[in-house]
Amino acid sequence: MPLLELRDLTVSYGRIEAVRGISIVVEEGELVTLIGANGAGKTTTMRAISGIRPLSRGSVWFDGADISKMKAHERVLAGIVQAPEGRGVFPGMTVLENLEMGAYARVFPTKAEHDATLGRVFELFPRLEERRSQVGGTLSGGEQQMLAIGRALMARPRLLLLDEPSMGLAPMIIQQIFRIITEINQAGTTILLVEQNAQQALSRSDRAYILETGEVVTTGSGKELLVDPAVKQAYLGVA
């Protein structure tokens, strides 16, 4: 049984269908990537999974249950947590306050468990511990991305949705972010990733889906798509 399954998912903005009848499966423990040009429907798909955008047709299944009508905050409680495109940190709050906002929906049985979760975030992102009292709006772009992911991890997700985590970052920081994403996945968190850096994403993915104008046009393992001539030409800049 897949952890996440999208069945004939269609999402519209008025009369425009941004996502048109896609079906996607994410197995527990996998790192799965959605790749496509701007406007392909990747972010809309993520918003539909997290409950931010209503469905026009189809369904979202999580851990064997149809959650299509479940509200966004209820999906967080169920284990689906998103680090959004653009990071969305609270600029006037400190790093620590931002992280605590991520834990708002998670009732920790003990303070020790809460502290262990926070400690794990600081272990993954030592820069955040160094800047725990600094307000989020004064962090660099890379630090804000670390904070967005760390905030999501404070909710102890079973499925972590990452939307364009490398956007606007320097190459060295991109490498660091992707190493940490791999480490999070290898520690047991299932990840669905939207990413325009196809080389980095495919090289680390169990499977990937290529979206064009709201439809899935190609799917396969990350390794298969890395050597697919059409994918190389369209997304890897290789003729």
Exercise. Hey, are the side chains of L226 and V231 touching, using non-hydrogen atoms and a 4.5 Å cut-off?
Worked result: no
For this session: Give the cluster check for V26 versus I80: same hydrophobic cluster or not, with ILVMFWY residues linked at side-chain heavy-atom distances below 4.5 Å.
Result: yes
Exercise. Taking R75 for the side chain and M70 for the main chain, is one N or O donor matched with an acceptor at less than 3.5 Å?
Worked result: yes
Exercise. Looking only at heavy atoms, which two atoms of A152 and L160 are closest? And how far apart?
Worked result: CB-CD1, 3.6 Å
Problem set entry | Minimal non-hydrogen separation, H114 against E100, with atom names | NE2-OE1, 3.0 Å
Seminar exercise, completed: Residue pairs passing the salt bridge (Lys or Arg N to Asp or Glu O under 4.0 Å) test with at least one member in residues 33-56, sequence neighbours excluded, are none
Problem set entry | Atom pair OG1 (T138) and CZ (R131), whose distance is rounded to the nearest 0.5 Å | 9.0 Å
Exercise. Are L34 and Y235 in one and the same hydrophobic cluster, where Ile, Leu, Val, Met, Phe, Trp and Tyr link if side-chain heavy atoms are under 4.5 Å apart?
Worked result: no
Exercise. Can you tell me how far CZ of F122 sits from CD of E130, rounded to the nearest 0.5 angstrom?
Worked result: 10.5 Å
Exercise. So which pairs with a foot in residues 169-184 pass side chain to side chain donor-acceptor pair (under 3.5 Å), sequence neighbours left out?
Worked result: Q175-Q200, T182-R204
Exercise. For I177 and P165, which heavy atoms make the closest approach, and how far apart are they?
Worked result: CG2-CB, 4.2 Å
For this session: Go through the steps for E113 and T110 under the test side chain to side chain donor-acceptor pair (under 3.5 Å), then give the verdict.
Result: CA-CA 5 Å; E113 187 171 331; T110 64; 4.7 Å; no
Exercise. Rounded to the nearest 0.5 Å, how far does CG of L225 lie from CG of L202?
Worked result: 5.5 Å
Problem set entry | Partners meeting ring pair (Phe, Tyr, Trp, His ring centres under 6.0 Å) with F90 (sequence neighbours left out) | none
Problem set entry | Single-linkage hydrophobic cluster, 4.5 Å side-chain cutoff, L192 and V25 together | yes
Exercise. Which distance, rounded to the nearest 0.5 Å, do you find between the CD of Q199 and the CZ of F178?
Worked result: 10.5 Å
Seminar exercise, completed: Heavy atoms of G142 and I173 approach each other most closely as CA-CG2, 3.8 Å
Exercise. Can you tell if the side chain of M167 reaches within under 4.5 Å of the side chain of Q196, non-hydrogen atoms only?
Worked result: no
For this session: Kindly determine whether I24 and T219 satisfy side-chain contact (heavy atoms from CB on, under 4.5 Å), including the steps that lead there.
Result: CA-CA 9 Å; I24 287 173; T219 186; over 6 Å; no
For this session: Please confirm whether the backbone N or O of V32 pairs with a side-chain atom of D206, one donor and one acceptor, at under 3.5 Å?
Result: no
For this session: Check whether any side-chain N or O of T33 sits under 3.5 Å from a backbone N or O of S205 as a donor-acceptor pair, and report yes or no.
Result: no
For this session: Kindly compute the distance separating CD (E17) from OG1 (T213), expressed to the nearest 0.5 Å.
Result: 11.0 Å
Exercise. With a 4.5 Å heavy-atom cut-off, do Q145 and L169 have their side chains touching?
Worked result: yes
Exercise. Same hydrophobic cluster for F62 and L161, using side-chain heavy-atom links shorter than 4.5 Å among ILVMFWY?
Worked result: yes
For this session: Show your working on side-chain contact (heavy atoms from CB on, under 4.5 Å) between I35 and E195 and close with a plain yes or no.
Result: CA-CA 6 Å; I35 291 174; E195 181 54 55; 5.7 Å; no
Problem set entry | CE-CZ distance between M154 and R120, expressed to the nearest 0.5 angstrom | 13.0 Å
For this session: Take V89 and L139 through the side-chain contact (heavy atoms from CB on, under 4.5 Å) test and state the conclusion after the steps.
Result: CA-CA 10 Å; V89 303; L139 299 175; over 6 Å; no
For this session: With the side chain counted from C-beta on, respond yes when I149 and I184 share a heavy-atom pair under 4.5 Å apart, and no when they do not.
Result: yes
Problem set entry | Side-chain heavy atoms of M1 within contact of W61, under 4.5 Å | no
Exercise. Below 4.5 Å, heavy atoms only, C-beta onward: do Y13 and T44 meet side chain to side chain?
Worked result: yes
Problem set entry | A48 versus L9, closest heavy-atom pair with distance | CB-CD2, 4.1 Å
Problem set entry | Side-chain donor or acceptor of R151 paired with backbone N/O of G88 under 3.5 Å | yes
For this session: Could you state whether I180 and V95 fall into the same hydrophobic cluster, counting links through intermediate Ile, Leu, Val, Met, Phe, Trp or Tyr residues with side-chain heavy atoms under 4.5 angstrom apart?
Result: yes
Problem set entry | Residue among D63, T189, T190 satisfying side-chain hydrogen bond (donor to acceptor under 3.5 Å, both in side chains) with R158 | D63
Problem set entry | Short side-chain to backbone donor-acceptor contact, D8 and S59, under 3.5 Å | no
Seminar exercise, completed: Nearest heavy-atom contact between R127 and E143 is NH1-OE2, 3.2 Å
Exercise. Given the rule in the side-chain contact (heavy atoms from CB on, under 4.5 Å) test, do V60 and L4 qualify, once you have shown the distances and angles that lead to the verdict?
Worked result: CA-CA 7 Å; V60 178; L4 175 73; 4.0 Å; yes
Exercise. Are R132 and T94 close enough that some pair of their side-chain heavy atoms sits under 4.5 Å apart?
Worked result: no
